[in-house]
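Structure record follows, encoded as structure tokens.
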Amino acid sequence: MDTTWDCIVVGGGAAGLSAALVLGRARQRTLVIDAGNQSNQSAAGIGGLLGHDGRPPAAFYAAGREELAAYPTVELRSGEVLGGERRDAGFVLDLADGSREVAARVLLATGMDYHFPELPGIAERWGRSVFHCPFCHGWEVRDQTLAVLDRGARGVQRALLLRFWSDDVTLLTDGPAELEAEDAARLRAARVALDERPVAGLRGADSALEAVAFADGGERRCSALLVPVTLHQRSALAEKLGASAADPGPVVVDAVEVDPKFQTSMPGLFAAGDVSAQMPSVANAVAAGSTAAAMIVHDSMAEAHGLTPVGTGSGSAR
Ligand SMILES: Cc1cc2nc3c(=O)[nH]c(=O)nc-3n(C[C@H](O)[C@H](O)[C@H](O)COP(=O)(O)OP(=O)(O)OC[C@H]3O[C@@H](n4cnc5c(N)ncnc54)[C@H](O)[C@@H]3O)c2cc1C
């Protein structure tokens with residue numbers, strides 16, 4: 001089989017571009033195929049990424065793509081990988097435009113779909129005045145009137161966490177709170193207000209938030225809302241290529257299972273970034289993509305010289 005590419009990277013977000021940089025610097029023939037839908041596109045800036053703190057996501061990805069132009073073995077292509085299979089010494093991938101590409105190794109850097117609660121007004125404020133991660137967006141809304149939409153012990157913990165960013169925090173339980181007595185005491189001690197009224201929607205101009213509206217017709221002033229999310233694979237591509245899913249977690253529902261070297265259960269198939277992460281962030285995606293790429297190069301070298309492949313446990317460190 002003619003393996004046109006040493007590696008195809010599926011996805012051109014933080015993980016995929018970071019991997020492509022390391023692969024390009026290692027002179028690997030690398031194709032990055034990207035559908036262009038990075039998960040943080042709606043955010044005004046990337047919070048907490050050293051060297052790029054607060055930078056608009058689009059500018060960050062454009063800078064990453066620009067850096068890759070210096071490496072002649074790397075090609076960036078807009079498109080979508082729909083499926084594929086392991087064949088002989090590599091993988092055949094089927095693209096949405098009808099073409100096929102063949103590679104010795106594949107890195108899945110496809111990100112995840114973030115599912116937020118179905119509540120009128122969230123979608124248009126997502127990543128702006130409605131957010132899921134206080135470490136990403138808490139600084140931008142510090143000292144404002146904040147609310148947490150969640151239930152049970154997790155809601156209590158998220159509300160207590162948000163107190164680092166504001167003295168004015170309300171926990172909205174969207175129905176009876178059903179809290180343990182200790183948790184109710186913790187909220188009182190931290191001066192977190194509790195509002196159990198069923199939530200009907202959000203009000204405010206454009207992507208701004210001014211108030212949370214309740215089913216009883218009342219409102220509570222609020223300028224930013226922390227909501228729970230679950231993360232889901234964007235397609236069945238990983239499964240089609242033979243990768244197993246990790247055990248479901250409360251937030252990350254169906255991550256691809258990888259070992260510490262980002263190798264999936266299918267030899268030659270690696271996964272990095274949100275798609276295989278338990279702590280999703282841009283910094284973690286950059287780090288994962290970088291390490292996965294180094295492991296892919298090691299794996300290639302090991303195969304070429306009859307050494308133990310990366311996925312079988314004794315691949316060397318960088
Ligand atoms: C609203 C929001 C705001 C956030 N803000 C922050 C923040 O401020 N700071 C922070 O650290 N983290 C933030 N995060 C988390 C962060 O964005 C992610 O952890 C990070 O983007 C993951 O990078 P990734 O490369 O794994 O995936 P992504 O950035 O999602 O990139 C994956 C890429 O793969 C493409 N793709 C998927 N499937 C295919 C396919 N089959 N074929 C071709 N291409 C495909 C997608 O279109 C996409 O372009 C935020 C997340 C959200 C949802």
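No hydrogens, no waters, no symmetry mates; every other heavy atom, side chains included, goes into these values. What you see is a predicted model, and the numbers here were worked out from it, not measured in a lab. For ligands, and for the atoms within them, numbers begin at 1 and follow the listed sequence. Throughout, numbering of the chain's residues begins at 1 and tracks the sequence.
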**Report entry** Exceeds 12 heavy-atom contacts within 6.0 angstrom, atom CG of D216
**Finding:** yes
Query - Ligand-residue contact atoms, ligand 1 with A109, heavy atoms, under 4.0 Å - result: 32 (C), 33 (C), 34 (O)
Query raised in the report: Does any N or O in the side chain of R125 come within less than 3.5 Å of the main-chain N or O of A208, such that one atom is a donor and the other an acceptor?
Result: yes
Requested in this report: Give yes if a backbone or side-chain nitrogen or oxygen of L237 is under 3.5 Å from a nitrogen or oxygen of ligand 1, and no if not.
Outcome: no
Report task. Could you tell me if any non-hydrogen atom of Q41 lies under 4.0 Å from any atom of ligand 1? Result -> no
Query raised in the report: Should G48 be listed as contacting ligand 1, given a heavy-atom distance under 4.0 Å as the test?
Result: no
Report summary line: among protein heavy atoms, the one nearest atom 15 (C) of ligand 1 is Y114 OH, 3.5 Å
Requested in this report: Pull out every atom of ligand 1 sitting under 4.0 Å from any heavy atom of V81, numbered as shown with elements.
Outcome: 40 (C), 41 (N), 42 (N), 43 (C)
Query raised in the report: N/O of A283 under 3.5 Å from N/O of ligand 1, yes or no?
Result: no
Report task. Working to the nearest 0.5 Å, report the span between CZ of F131 and CH2 of W126. Result -> 10.0 Å
Report task. For the pair E180 and R186, find out whether any cationic side-chain nitrogen is under 4.0 Å from an anionic carboxylate oxygen. Result -> no
Report task. Look at atom 47 (O) of ligand 1 and say which protein heavy atom is nearest, naming residue and atom and giving the distance to 0.1 Å. Result -> N37 N, 2.8 Å
Query raised in the report: R197 and E219: salt bridge (charged side-chain N to carboxylate O under 4.0 Å, His left out), yes or no, with the steps?
Result: CA-CA 10 Å; R197 288 177 288 175; E219 284 192 350; over 6 Å; no
Query - Proximal atoms of ligand 1 relative to A14 (non-hydrogen, under 4.0 Å) - result: 25 (O)
Query raised in the report: If you measure from CG on L108 to OG1 on T264, what distance do you get to the nearest 0.5 Å?
Result: 7.0 Å
Query raised in the report: For atom 9 (N) of ligand 1, what's the nearest protein heavy atom and its distance?
Result: G47 O, 3.0 Å
Query raised in the report: atom 37 (C) of ligand 1: which protein heavy atom is closest, and how many Å away?
Result: T110 O, 3.2 Å
Report summary line: The atoms of ligand 1 lying under 4.0 Å from a heavy atom of S42, numbered in the order shown, are 1 (C)
Requested in this report: Could you check which of G11, C136, G36 puts a non-hydrogen atom nearest to atom 6 (C) of ligand 1?
Outcome: C136
Query raised in the report: More than 12 non-hydrogen atoms from neighbouring residues, nucleotides or ligands closer than 6.0 Å to CD on E239, yes or no?
Result: no
Query raised in the report: Considering S235, G13, A15, S281, which one's heavy-atom position lies nearest to atom 31 (O) of ligand 1?
Result: G13
**Report entry** Pick from R234, H52, H137: the one approaching atom 30 (O) of ligand 1 most closely through a non-hydrogen atom
**Finding:** R234
Query raised in the report: Considering distance alone, does some N or O of E80 sit under 3.5 Å from an N or O of ligand 1?
Result: no
Query raised in the report: What atoms of ligand 1 come within less than 4.0 Å of a heavy atom belonging to I33?
Result: 43 (C), 44 (N)
Report task. Check whether more than 12 heavy atoms from other residues, nucleotides or ligands sit under 6.0 Å from atom CG of D247, and answer yes or no. Result -> no
Query raised in the report: Among G83, S18, G111, which one has a heavy atom closest to atom 27 (O) of ligand 1?
Result: G111
Report task. Answer yes or no: does atom CZ of R151 have more than 12 heavy-atom neighbours from other residues, nucleotides or ligands under 6.0 Å? Result -> yes
Query raised in the report: How close does the nearest protein non-hydrogen atom get to atom 2 (C) of ligand 1, and which residue and atom is it?
Result: N40 CA, 3.8 Å
Requested in this report: Pick whichever of R128, H132, R77, R55 has a heavy atom sitting closest to atom 52 (C) of ligand 1.
Outcome: H132
Query raised in the report: Using heavy atoms and a threshold below 4.0 Å, how should the contact between F135 and ligand 1 be classified: side chain, backbone, both, or neither?
Result: neither
Query raised in the report: Does the pair H232 and T230 meet the rule for a side-chain hydrogen bond (donor to acceptor under 3.5 Å, both in side chains), with working shown?
Result: CA-CA 7 Å; H232 306 256; T230 52; 2.7 Å; yes
**Report entry** Between F116 and H132, ring centroids under 6.0 Å
**Finding:** no
Report task. Would you mind checking if R77 and D34 are paired as a salt bridge, meaning a charged N to carboxylate O distance below 4.0 Å? Result -> no
Report summary line: of all protein heavy atoms, closest to atom 44 (N) of ligand 1 is A35 N, 3.0 Å
Query raised in the report: Does W126, backbone or side chain, put an N or O under 3.5 Å from an N or O of ligand 1?
Result: no
Report task. Tell me which one of G12, G79, G273 gets a heavy atom nearest to atom 43 (C) of ligand 1. Result -> G79
Query raised in the report: Are any of the side-chain heavy atoms of L149 and L226 separated by less than 4.5 Å?
Result: no
Query raised in the report: Of the protein's non-hydrogen atoms, which lies at the shortest distance from atom 26 (O) of ligand 1, and what is that distance?
Result: D274 N, 2.8 Å
Query raised in the report: How far does CG of L171 sit from CD of Q157, to the nearest 0.5 angstrom?
Result: 11.5 Å
Query - Within reach of ligand 1, part of S39 (heavy-atom separation under 4.0 Å) - result: both
Report task. Using the side chain to side chain contact (heavy atoms under 4.5 Å, CB included) rule, take V286 and F60 through it: C-alpha gap first, then chi angles, then the decisive distance, then the call. Result -> CA-CA 12 Å; V286 169; F60 173 70; 4.2 Å; yes
Query raised in the report: Nearest protein heavy atom to atom 23 (O) of ligand 1, by residue and atom, and its distance?
Result: A285 CB, 3.5 Å
Requested in this report: Tell me, yes or no, whether the heavy-atom count around R27 atom CZ, taken from other residues, nucleotides or ligands under 6.0 Å, exceeds 12.
Outcome: no
Query raised in the report: Do R86 and F91 meet the cation-pi criteria used here (NZ or CZ under 6.0 Å from the six-membered ring centre, within 45° of the axis)?
Result: yes
Report summary line: Atoms of ligand 1 under 4.0 Å from any heavy atom of G45, numbered from 1 in the order shown, are 8 (O)
Query raised in the report: Nearest to atom 16 (C) of ligand 1 by heavy atom, I46, V282, L95, L82: which?
Result: V282
**Report entry** Heavy-atom gap D34 to ligand 1 smaller than 4.0 Å
**Finding:** yes
**Report entry** Aromatic ring proximity W139/F164, centre distance under 6.0 Å
**Finding:** no
Report summary line: Short version for C133: what comes under 4.0 Å of ligand 1, heavy atoms counted, is neither
